Amino acid sequence: MTKDTESTAFLDMTRERWSVRRFAPEQIREEHMRRILEAGRNAPSACNYQPQRVLVLQSDEAIAAVRSITHWAFNAPTVLLVCANLAESWKNADGADSAEVDAAIALDHMMMEAWECGVGSTWVRGFDERVVRRAFNIPSTWKIVAMMPMGYPADSAKPSNWHFRRKSIEELCQVL
Ligand SMILES: Cc1cc2nc3c(=O)[nH]c(=O)nc-3n(C[C@H](O)[C@H](O)[C@H](O)COP(=O)(O)O)c2cc1C
């Protein structure tokens, strides 16, 4: 835990980060990719079962395939396809399966570390899960959680209007 309790570096990043939807053509540098994947690895998961599974789509073939499936892949040079292995996730006695939550936390960690590396990204669920499953041979025991197109932002990239619309803390939270 940081000893600098005055630091707002992370809070500032949560405020400043926005969904990047237009990318420069250059591929993400290896050291940045390693840091991003490491952040996903460091994410907490229920009972530490770590069910997240990440496909890093970068080959010409994989990128062409993902772009043919969804226009939300934009022109990103890399697309993460994040899944949750239902055979390795924690299930509560009430039947709740933590798989998707665990994978989402890992993806959020990766999104924030990407921003720290100067790599932009957008969380994407605008695709047909059945089509993605067929295209990338995703096992039936894996839930497909999200895609994350990513890369260095194009000079012309800018936040959408949605980025600036945040509900107030009072609308979102109650102190009981
Ligand atoms: C679960 C989820 C699904 C999303 N799906 C899409 C999507 O399919 N296409 C897209 O352009 N953005 C998608 N987004 C991004 C949101 O539109 C974006 O985060 C929101 O409008 C706030 O903007 P900001 O991220 O720039 O602050 C998704 C975000 C989440 C968390």
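Whatever order the structure lists them in is the order used to number ligands and atoms, beginning at 1. All values derive from a computational prediction rather than experimental measurement.
No hydrogens or angles considered: a donor-acceptor pair under 3.5 Å links the side chains of K91 and S89. Between Q50 and S45, the side chains place no donor N or O within less than 3.5 Å of an acceptor N or O (distance only, hydrogens not considered).
Counting non-hydrogen atoms of neighbouring residues, nucleotides and ligands closer than 6.0 angstrom, the CZ atom of R35 exceeds 12 such neighbours. Open room surrounds CD1 on I169; 12 or fewer heavy atoms of other groups in view lie less than 6.0 Å from it. Open room surrounds CD on E61; 12 or fewer heavy atoms of other groups in view lie less than 6.0 Å from it. For N92, the CG atom is densely surrounded, since the number of other residues' heavy atoms within 6.0 Å is greater than 12.
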**Item:** Evaluation steps, side chain to side chain contact (heavy atoms under 4.5 Å, CB included), between L57 and L80
**Value:** CA-CA 6 Å; L57 310 181; L80 302 185; over 6 Å; no
**Request:** Take Y152 and V119 through the test side chain to side chain contact (heavy atoms under 4.5 Å, CB included) and record every step on the way to the result.
**Result:** CA-CA 5 Å; Y152 301 107; V119 171; 3.6 Å; yes
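By the definition of a contact as any protein heavy atom under 4.0 Å away, atom 20 (C) of ligand 1 is not in contact.
Considering both main-chain and side-chain atoms, H163 comes within under 3.5 Å of ligand 1 through a nitrogen or oxygen pair. For ligand 1, the polar-atom distance check against W18 finds no nitrogen or oxygen pair separated by under 3.5 Å. For ligand 1, none of its N or O atoms has an N or O atom of W162 under 3.5 Å away. Residue contacts with ligand 1: S160 is placed with no nitrogen or oxygen under 3.5 Å of a nitrogen or oxygen of the ligand (distance criterion only). Note: no N/O pair closer than 3.5 Å links F74 and ligand 1 by distance alone.
Near R17, meaning under 4.0 Å from one of its heavy atoms, ligand 1 places the atoms 24 (P), 25 (O), 27 (O). Counting atoms of ligand 1 from 1 in the listed order, those under 4.0 Å from a heavy atom of G126 are 8 (O). Contact atoms of ligand 1 toward R125: 3 (C), 4 (C), 5 (N), 6 (C), 7 (C), 8 (O) (distance under 4.0 Å to a heavy atom of the residue).
At the top of the distance list for atom 25 (O) of ligand 1, counting protein heavy atoms only, stands S19 OG, 2.6 Å. Among all protein heavy atoms, the one lying closest to atom 16 (C) of ligand 1 is R21 NH2, 3.9 Å. Shortest contact from atom 4 (C) of ligand 1 to any protein heavy atom: W123 O, 3.3 Å.
Contacts of V124 with ligand 1, taken as heavy-atom pairs under 4.0 Å, involve both backbone and side chain. Using a 4.0 Å cut-off between heavy atoms, R166 contacts ligand 1 through its side chain alone, with no backbone atom that close.
Between E113 and H32 the shortest side-chain heavy-atom distance does not fall below 4.5 Å.
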